[in-house]
Protein chains: 2
Amino acid sequence: MKNGNAGDGAPAFGGAPESLLISDTKLTMEFKHQATVTLAEVAQAAGVGESTVSRVLRNHGSFSGRTRERVMAAVERLGYVPNRIAGTLASTGSRLVAFVIPSLSNIVFSDVLRGASAVLEENHYQAVFSVTDYDPGKEEALATAMLAWRPAAVMLAGYEHTDGTAKMLRASGCRVVELLDLDGDALDIAVGFSNRAAGRESAAFLIRRGYRRIGYVGHDLDRDTRAGKRFSSFCDTLDANGTPLIAREIVAGASSVENGKQGLERLLARATDLDAVYFSNDDMALGGYFHCLAQGIAIPSQLAIFGYNGLDIGRAIPQPLSTIRTPRVATGQIAAQLVVANAPPQAIDLGFELIEGATA
Amino acid sequence: MKNGNAGDGAPAFGGAPESLLISDTKLTMEFKHQATVTLAEVAQAAGVGESTVSRVLRNHGSFSGRTRERVMAAVERLGYVPNRIAGTLASTGSRLVAFVIPSLSNIVFSDVLRGASAVLEENHYQAVFSVTDYDPGKEEALATAMLAWRPAAVMLAGYEHTDGTAKMLRASGCRVVELLDLDGDALDIAVGFSNRAAGRESAAFLIRRGYRRIGYVGHDLDRDTRAGKRFSSFCDTLDANGTPLIAREIVAGASSVENGKQGLERLLARATDLDAVYFSNDDMALGGYFHCLAQGIAIPSQLAIFGYNGLDIGRAIPQPLSTIRTPRVATGQIAAQLVVANAPPQAIDLGFELIEGATA
DNA sequence: TGGTAAATTGGCAGCGCTGCCAAAAATATG
DNA sequence: CATATTTTTGGCAGCGCTGCCAATTTACCA
C-alpha cells in the first residue's frame with residue numbers, strides 16, 4: 001500500500017511586487033529578495049558610528065544607555081541580522097566547532113552530538129558536521145573541508161586517523177578532540193573511556209558468572225575499530241582465564257538488530273554448545289535476544305547474552321539486557337566544555353558502568 | 001561497578017620550542033601554533049598573481065597547464081588550506097546548509113540529517129545544525145543564529161513556527177525547506193508526507209482488520225505537533241466509522257520505549273476491554289509490545305498494536321510490528337537535492353507505506 | 001570654575017578571498 | 001609581417017565586520 005504523490009508547487013516564496021514601487025533602489029532591493037541589511041546601514045539609521053553598533057551588539061566595550069537604545073531600535077526596525085561570516089573573518093577565532101563522525105545511524109554518535117550541541121548552543125558556538133561512513137580516506141577529505149571553515153575545534157571519533165589527517169590537524173592550529181576512545185595517544189584533547197577496559201570487564205563478568213563456553217557475534221571490525229578493541233581485549237581476558245572463545249560470527253555491514261539476529265542464528269548453527277554470547281554492541285545483542293525469544297531458547301539458562309552501550313531499550317525488554325553503559329552524552333558535553341573553556345591538552349576518562357541485567 | 005578515573009594530561013599539543021629560534025618572526029609563529037598560510041603567500045611562492053591561484057583552486061576561468069602545476073606544487077609545499085570564511089564573504093552565496101531540528105534522540109531527525117548530509121557532502125556543501133528540544137521559542141532564537149551564517153538554505157521540521165520565525169525566514173532571502181510534514185502552507189520548499197493521511201490510514205487499517213475497541217498511547221503532543229496531527233486524524237476516522245476512541249494515555253516527556261511500556265500499562269489499568277492500541281510512534285509501540293510480552297498478553301489476538309515510523313527494529317522482534325514506514329532518509333536526500341539545484345518553491349509528497357506486520 | 005581623569009564615540013585599516021577589468025601573452029588571420 | 005582574436009594573467013576594489021587609536025564628551029575634584 002503506497003500513499004502519496006508529487007505535490008503542486010506552492011507559490012509561497014513570492015514573486016516581485018507589481019506596484020507601489022517608489023524608486024529604483026526599492027525595485028532592486030525587492031527583486032533581490034535579499035534583506036541584506038548591513039551594520040553600516042544600522043549605524044546610519046541610528047545616527048552613530050559603525051564601531052558603536054558593533055560594540056552594542058556584542059555588549060563589549062563601553063557605550064551609553066541612550067546609544068544602546070537607539071541602536072537596538074534601528075536593529076529592530078531594519079530587521080538586521082549580523083553577518084557572522086564577516087565577523088569571524090575580521091576577528092580572530094571562530095565559534096564554529098566541526099564534528100567529523102563515522103555515522104549518524106549509530107546512536108553512539110548522535111548521543112555525542114546531542115551532548116555537545118547543548119553545551120555549544122549555550123555558549124553561542126555553532127556545530128557543523130560531516131559523516132565519514134567509517135572511511136579513513138573520507139575522514140581526511142572531510143577534515144580538510146572542515147578546516148577550511150577555520151573552526152575553533154575539530155571533534156573526531158577515536159584515534160585511528162590517516163597520517164595525512166593527523167599531520168593536517170596538528171598543523172591547523174585549531175583544537176582537536178578525539179572522542180569515545182582512550183586507548184592510544186591523543187593529538188590534543190581526548191574524552192571518553194577505554195574500549196579495551198570495557199572488553200576486559202565484559203569477559204571478567206561472564207567468567208565470574210560461571211560461563212565457560214563463550215561465543216561472539218560482531219559486525220565489521222575493520223571499520224569500527226573501537227568494537228575491534230573491545231573484542232580483542234575480551235578474547236585476551238578469556239584466554240588468560242584458560243577458557244578461550246569457542247566461536248565467532250562476523251556479519252557483513254553495519255551493526256543492527258537484524259544483523260545481530262542473523263549473526264546469532266548462524267553462530268548457533270555452527271556451535272551448538274555455547275553458554276554465553278558476547279555481542280559487538282546492544283543493537284546486535286537485541287537481535288540475538290529476539291532470536292532466542294523466537295526460537296524458545298531460554299535466557300540466560302540456555303544461553304546468556306551480553307552487549308555494549310547500555311541503550312535505553314535494553315532496559316525495556318522483558319529481561320533487562322546485561323551490558324556496559326557508556327557515557328555518550330557526557331562525552332559530548334565534556335568535550336564541548338573543554339573546547340569552550342580552551343582547556344589545555346588532556347585526556348579525560350569518563351569510565352563506564354557494567355549493568356548486570358537479566359540476560360547474563 | 002564503576003570504572004575509570006580522570007586521566008593525566010597528554011602533552012601532545014606541544015609547548016613552544018625552546019631552541020633553534022632563528023628570528024622573532026619564527027618565535028611568534030611558533031607561539032601562535034597557527035600555520036595560517038594565505039592565498040597571497042601561495043601566489044608569491046608560485047610566482048603568480050592571487051587571482052590566478054584562486055582560479056586554479058576553484059577550477060574556474062582559464063589558466064595554462066604549467067601555471068596549474070606550479071600553483072598546485074606551492075599549495076602542496078605550504079600546506080595551504082583555503083579559507084572558506086573569506087571566500088564566502090567575498091563571493092555571493094555560501095555553501096552552508098543550516099538544520100534546525102527538534103531533537104537528536106528521535107531517530108527521525110538523525111535519519112533526515114543522514115540522507116541530507118550524504119547529498120550535501122557530494123556537492124561540497126557543509127551542514128550546520130542546532131537542536132530546539134521542540135521549543136518554538138528556541139527555534140526562533142536558533143534560526144536567527146543560523147541566518148547569521150548566511151546559509152544557502154535553512155531546513156526545519158514541519159510548519160509550526162512562531163510568527164517571528166516565519167517572518168524572519170521569509171525576509172532572509174535564503175531558501176527555506178520544511179521537512180516531514182505536508183499538512184500546512186509551505187514558506188518555500190516542503191518535502192515529506194502527510195501526517196494526517198498517516199493517522200487516517202492507520203485507523204482505516206485497524207477498522208478493516210475488525211478492531212472496534214481502540215485505545216491510544218502517546219507522548220507530549222503539544223511539542224511533537226506531527227504526532228498530534230496523526231492522532232487527530234486517527235480519531236476523526238474512528239469517529240466517522242462510529243467506533244470512537246475508547247481511551248487514551250498521554251505520558252509526560254519524550255517518546256521512548258520505556259514510556260510506551262508504562263503508558264500501555266496505565267492505559268490497560270483503566271480500560272480493560274481494548275482490542276487494539278495505536279501508539280504515537282514505533283518506540284512507544286515497542287514498549288507496548290514488550291509490556292504484553294512480559295505480561296503474557298497475546299498479540300494480536302488479545303491486543304493488537306500499531307505504531308508509526310517503520311523502524312528496522314520493528315521487523316526484528318518475534319512478531320514484526322504493524323506500522324507505517326516513512327521515507328525519512330529520502331526526505332533528507334530530496335531536500336538537499338532541491339537546495340543544491342536551487343529548485344523553485346514546491347511541495348514534494350514522498351508518501352509512506354503501511355506495513356501489515358503481525359501485531360495488528 | 002578650571003583642569004584632569006574617565007567614559008564614549010567615530011574613523012579607518014585590514015581579515016583572506018572573489019570578481020571585474022584591463023594588460024600581456026599566445027595564437028590566428030590576411 | 002602587421003593586425004585581429006583569443007587566452008592568460010595580475011591588480012585592486014570590495015564583501016561586512018572587528019580592533020586599534022585618536023577625538024570628543026562627560027564626570028569628577030580641588
Side-chain angles (χ1 to χ4, degrees), chain A residues 32 34-71 74-75 78-96 124 147-152 172-174, chain B residues 32 34-71 74-75 78-96 124 147-152 172-174:
Chain A
K32 280 176 65 189
Q34 197 80 346
T36 316
V37 181
T38 67
L39 186 145
E41 296 177 79
V42 174
Q44 184 158 40
V48 300
E50 295 182 33
S51 28
T52 301
V53 175
S54 178
R55 276 186 293 256
V56 171
L57 289 177
R58 285 178 300 150
N59 197 33
H60 176 276
S62 64
F63 44 83
S64 70
R66 202 173 110 282
T67 300
R68 185 196 150 79
E69 277 166 30
R70 286 169 57 184
V71 169
V75 164
L78 301 179
Y80 172 67
V81 177
N83 184 333
R84 290 261 247 167
I85 299 276
T88 303
L89 180 62
S91 62
T92 53
S94 78
R95 285 195 170 233
L96 284 173
H124 305 288
L147 287 179
W149 290 102
R150 298 292 186 271
S172 73
C174 81
Chain B
K32 281 175 67 189
Q34 197 81 345
T36 316
V37 181
T38 67
L39 185 145
E41 297 177 79
V42 174
Q44 186 158 38
V48 300
E50 295 182 32
S51 27
T52 301
V53 176
S54 178
R55 276 186 294 255
V56 170
L57 289 177
R58 284 178 301 150
N59 198 33
H60 177 277
S62 63
F63 44 83
S64 69
R66 203 174 108 280
T67 301
R68 185 196 150 78
E69 276 165 31
R70 286 168 58 183
V71 169
V75 164
L78 300 179
Y80 172 66
V81 177
N83 184 332
R84 289 260 247 167
I85 299 276
T88 302
L89 180 62
S91 64
T92 53
S94 78
R95 285 194 170 234
L96 284 172
H124 306 289
L147 287 179
W149 290 101
R150 299 293 189 268
S172 72
C174 79

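Below, chains carry the letters A, B, ... as their sequence lines are ordered, and counting in each starts from 1.
Checked against C:dC17, D:dG10, D:dG16, the side chain of A:Ala86 finds its nearest nucleotide in D:dG16. Ranking C:dT9, C:dC17, D:dC17 by closeness to the A:Phe63 side chain, first place goes to C:dT9. Here C:dC15 is the nucleotide among C:dG10, C:dC15, D:dC15 with the atom lying nearest to any side-chain atom of A:Ala90. Considering only side-chain atoms of B:Asn83, the nucleotide from D:dG10, D:dG16, C:dG16 that sits closest is C:dG16.
If you check every strand for non-hydrogen atoms under 4.0 Å, B:Ser51 touches a base. Residue-level contact check: B:Ser62 touches the bases, meaning some heavy atom is under 4.0 Å from a base atom. Residue B:Thr67 is in sugar-phosphate contact alone, with no base atom involved, counting any heavy-atom pair closer than 4.0 Å across all strands shown.
As a whole-Å value, the separation of B:Glu69 CD from D:dT8 C1' is 16 Å. When the P atom of D:dC17 is taken as reference, atom CZ of A:Arg95 falls 17 Å away, rounded to whole Å. In this structure, A:Gln44 places its CD atom 15 Å from P of D:dG16, rounding to the nearest Å. If you measure from atom CD1 of B:Ile85 to atom P of C:dC15, you get 16 Å, rounded to the nearest angstrom. Rounded to an integer number of Å, the gap from CD of A:Glu50 to P of D:dG16 is 11 Å. One can place CG of B:Leu57 at 14 Å from P of D:dT9, the figure rounded to the nearest angstrom. Rounded to whole Å, atom P of C:dG19 lies 6 Å from atom NE2 of B:His60. Spacing between atom CG of B:Leu89 and atom P of D:dG14 amounts to 14 Å, rounded to whole angstrom units.
Two residues are said to be in side-chain contact when any heavy atoms from C-beta on lie closer than 4.5 Å; B:Tyr80 and B:Leu57 meet this criterion.
Positionally, the nearest nucleotide of DNA chain D for B:Arg66 lies more toward the 5' end than for the other of B:Ser91 and B:Arg66. Summary of the strand contacts: A:Gly61 and B:Val81 both lie near DNA chain C, and taking for each the nucleotide with the nearest heavy atom, the more 5' one is attributed to A:Gly61.
Taking side-chain N and O atoms only, A:Ser64 has a distance below 4.0 Å to OP1 or OP2 of C:dT9. The phosphate of D:dT18 has OP1 or OP2 within less than 4.0 Å of a side-chain N or O from A:Ser54. Distances shown here put a side-chain N or O of A:Arg58 below 4.0 Å from the OP1 or OP2 atom of D:dG19. Phosphate contact (OP1/OP2 of D:dT9, side-chain N/O of B:Arg55, threshold under 4.0 Å): absent.
The shortest non-hydrogen separation linking B:Arg95 to B:His124 is CD-O, 3.4 Å. Of all non-hydrogen atoms in A:Val42 and A:Val75, the two that sit nearest each other are CG1-CG2, 3.8 Å.
Judged by atom type and distance alone, B:Thr36 does not reach the base of C:dG16 through any side-chain donor-acceptor pair under 3.5 Å.
A donor-acceptor contact shorter than 3.5 Å links the side chain of A:Ser91 to the backbone of A:Gly87. At least one donor-acceptor pair under 3.5 Å links the side chain of B:Ser94 to the backbone N or O of B:Arg150.
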